[in-house]
Amino acid sequence: MVDFSRVELDAEAQEFWQEVRDFIGAHVTPEMRARAAATGDGFDPDFYKALGQRGWLFPEWPVEAGGAGLDPVRATILERELAPLETMMVGRRLSGMVAIAIRRHAHEAIRERVLKGIATGDVMICLGYSEPDAGSDLASVRTRAVRDGDSWIIEGSKMWTTNAQNSQYTFLLARTNPDAPKHRGLTTFLVPLDLDGIEIQPIRTLGGERTNIVFYSGVRLDDQYRIGAVDDGWVTVHGPLDDEHGVTSEDDPYSLRAINGQGERSMLMMRDALVATFEWASDDSLGRSLDDPLVASRLGRIIAGVEAVAGTPGILGRVAGSEVFIDAASELVELMGPAATLHTATGSLAPGRAEEALREAQATAIYGGTIEVFKNMIAHRMLGMPR
Amino acid sequence: MHDMELRRNDYSLSEDEEQVYEAFAKFFVRECPIDRVRAHTNPAFDPVLWSDVCQLGAVSMGLHDDGGDGEASLVHLVLSCEAMGTTIAPVPLMEAVAATRAVSSREVTRNDRVLELLDAAIDGREVLTLALQPCAAGESVLVPAGSVASAVVGLVDEKLVLHEPSDRLQFVENLADHPLAWCTFEGGTTHVLAEGELARQRFHAAVTEWRVLTAGALVGLSQSLLEQSVDYASSRVAFGSPISTFQGISHQIASVAIGIGGARNLLRKAAWYLDAEPHERPELPGCAFWTAKEVAGRAAEVAVHVQGGLGVTLESDSTVFFGRAKGWPVLAGDPHRELVDIGRAAAPRWVADADR
């Protein structure tokens, strides 16, 4: 039923919430936040390991699997507190997506070890999907994997491999049968990134985030690292891809979760900038304030957008999140004028957060599949119009 | 957001909510094909249909205190308006529900005549409506459903009144074919329901409810416009293909579907809060209204546009929907004023977030 009521938290749940805050307070220093923002590296090793040791990277996984066995209420509390720290643990979400494919399809010789490593924070996995000539049209990948006895020889290059510089493995989508139809001749592999013939080069982005291009030349990989059947990679990839699109439903008895994953993530990325703008607009000494209808109405329009995104389900919300973010970030910068374009000390609630948000917003309409790809899915799969 | 608070985030309808929607949707689809809409324009009011709608409980189910069934939540009422909106049935549902709810509250003063009018309004013999802007006596305001109402609720000179004009107010033709009429709150009989702070509160609550109910109607209307676009784009062939194969067309339609998805859910959330915790999220009704207005306007433009020249003909159903889509949202005045209120109402919550 339509229901937004409070969930009664017992004393233990409240204590748990405090415990999470204390943990973050003890482990996350302003210097760490500043470094994460300045480098765009997406990883803080000390914090990541500390989370892994408590089983808090994947808190709902059972304790014996390296998780913390948390119930949905506690897991939500933890997620609420960790979500704003995403820039210090980009690998968590990426690894979690691949974990689904590993659990389903990996050879037993590596499955438990890798999954345990993901949970403890010793292992991170990046996504080796896109290529210089294959982005949203994923099935057109050209990186080759050729069988050689019990091994495969990999040749090619992968692009936008975010967090490769910190990861132990990449989840590689390669062409194993060039004669098969486009979607059929693909196979997925879990490739250790310390193998000979792999070179990682950084790419800096508008939003400050570091991503990578990864070159593979004559890389020899044991067949036990193949994930799923040969030439069946399209199916193997789809589990995690659906998760990236935010359409996988999980057990959620209290309906606590967002109804779209990526849309809400966009709103979270905008949150600091929006809070900063409201603070600015509530301070009469700064010249303009909510008394000015030009200020109030534009903030009002952004808030209506934020609330609409929260209610927009699945892939509809993925598009809405990017569009609202891109539109609103520009609006925030324009509202606050030239001061909003100044680079300011990161972590401070200041007009500069709007400038950061403006730069970060643009990529949200591209990564994980461009919004045009999603509009095609909506037009043809959901609305059923001929394509 | 209060510190350390978890809330459910459930937009799905319960069985009971689903049933309310289905009952009204079936009724409107059966009783009100587009021909019946076209047969009742200038103004868009069909007294026989209105009586049937009232028999179905559309007004009585929403009354809190007496005279009605009082079972319905605002979510239910929004669903009934959404069902109505899909057919743009010629009935003044939003105004009548908001006005009768205001008069049915035990907090306001009702004399025998007011109670008599309320009774008649519940079963559809008379229509009560709501003037959406505060005014002074003698000032002319445009009142939705004014030309078919026997009495008008308004905030006149800071008093909440139920005004019975001496003669039926005169219909003025308009974009939405809505039964609009100018009202001055002079002449006739004026019953004072409340004064001072109570009057302002009750009036504000009634207008807020009207906005949420109208947002429901706009979402339903948008859904029908979307279906008109989808049907046409799927069957019309140009340059050798259905025009839905062109992204310039299909993406506009997809954007309407995205807008509807968000508007519908946001509206349910706004209705839930307004019922259960009315002071907790004062910005949500405005957010829901604005979002529904945006998508309805866009859905109408897209439906008219994708049908090419046919889309602008008066034979096209979409042009009938277009007038409602653009006309209903401005009944309460410039919708941008709503944005000013949203910005100010939301500020404390967001500033508090900075202090965490």
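Letters go in sequence order (proteins before strands), and every chain restarts at 1.
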Could you have a look at A:Pro293, A:Gly311, A:Gly317, A:Gly305 and say which one has the most heavy-atom pairs with chain B under 4.5 angstrom? A:Gly311
When rounded to the nearest 0.5 angstrom, what is the spacing between CG in A:Asp71 and CD1 in A:Ile77? 8.0 Å
May I ask you to decide whether B:Arg349 forms a salt bridge with B:Glu5, counting only side-chain N to carboxylate O separations under 4.0 Å? no
Top of A:Glu8, A:Gln14, A:Met382, A:Glu372 for chain B proximity - count of heavy-atom pairs under 4.5 angstrom: A:Glu372
Contact part of B:Ser255 toward chain A, heavy-atom cut-off under 4.5 Å: side chain, backbone, both or neither? side chain
Output the distance between atom CG (A:Leu316) and atom CE (A:Met377), rounded to the nearest 0.5 Å. 10.0 Å
Pairwise side-chain contact, A:Val295 with A:Leu335, heavy-atom cut-off 4.5 Å (strictly under): yes
Considering only heavy atoms, which portion of B:Val230 lies under 4.5 Å from any heavy atom of chain A: side chain, backbone, both, or neither? both
So, taking the atom named OG1 in A:Thr364 and the one named CD in A:Gln262, what distance separates them when rounded to the nearest 0.5 Å? 7.5 Å
Taking the six-membered ring of B:Trp290 as reference, does the cationic atom of B:Lys293 (NZ for Lys, CZ for Arg) lie under 6.0 Å from its centre and within 45° of its axis? yes
Count the heavy-atom pairs under 4.5 Å between each of A:Asp292, A:Ile371, A:Leu299, A:Leu290 and chain B, then report the option with the highest count. A:Leu290
Among A:Lys375, A:Arg298, A:Arg6, A:Met385, the residue with the most heavy-atom pairs under 4.5 Å to chain B is A:Arg6
Answer with side chain, backbone, both or neither: which region of B:Ala347 has an atom nearer than 4.5 Å to a non-hydrogen atom of chain A? both
Could you state the interatomic distance from CG (B:Leu13) to OH (B:Tyr21), rounded to the nearest 0.5 Å? 9.5 Å
Interface moiety of B:Glu277 toward chain A, non-hydrogen atoms closer than 4.5 Å: side chain
Show, in sequence, the C-alpha distance, side-chain angles and deciding distance for B:Phe289 and B:Val212, and conclude whether the side-chain contact (heavy atoms from CB on, under 4.5 Å) test is met. CA-CA 6 Å; B:Phe289 180 74; B:Val212 170; over 6 Å; no
Which atoms of A:Ala310 come close to chain B, meaning under 4.5 Å heavy atom to heavy atom: side chain ones, backbone ones, both, or neither? both
Let me know if B:Leu226 has heavy atoms under 4.5 Å from chain A in its side chain, its backbone, both or neither. side chain
In sequence, state the C-alpha distance, the side-chain angles, and the governing distance for B:Gln307 and B:Ser318, and then conclude on side-chain hydrogen bond (donor to acceptor under 3.5 Å, both in side chains). CA-CA 9 Å; B:Gln307 294 173 67; B:Ser318 299; 2.8 Å; yes
Between B:Thr214 and B:Leu331, is any pair of side-chain heavy atoms under 4.5 Å apart? no
Under 4.5 Å heavy-atom distance to chain A, tell me which part of B:Glu15 shows up: side chain, backbone, both or neither. neither
Using 4.0 Å as the upper bound for N to carboxylate O, is an ion pair formed by B:Glu283 and B:Arg281? yes
Tell me whether A:Glu331 is salt-bridged to A:Arg301, with the criterion being a basic N under 4.0 Å from an acidic carboxylate O. yes
Could you have a look at B:His336, B:Glu294, B:Arg268, B:Lys269 and say which one has the most heavy-atom pairs with chain A under 4.5 angstrom? B:Lys269
What part of A:Ser282 gets within 4.5 angstrom of chain B, counting heavy atoms only: side chain, backbone, both, or neither? side chain
Among the listed options A:Ile303, A:Ile378, A:Val309, the residue most often paired with chain B at heavy-atom distances under 4.5 Å: A:Ile303
Whatever's closer than 4.5 Å to a heavy atom in chain A on B:Ala257 counts as both
Okay, B:Ile249 and chain A: the region with an atom under 4.5 Å from a heavy atom over there is neither
If you count heavy-atom pairs under 4.5 Å with chain B, which of A:Thr76, A:Leu9, A:Leu274, A:Val319 comes out on top? A:Leu274
Per-residue tally against chain A (heavy atom, under 4.5 Å) across B:Thr291, B:Asn265, B:Ile243, B:Val340 peaks at B:Val340
Could you tell me which portion of B:Ser250 (side chain, backbone, both or neither) has an atom closer than 4.5 angstrom to a non-hydrogen atom of chain A? both
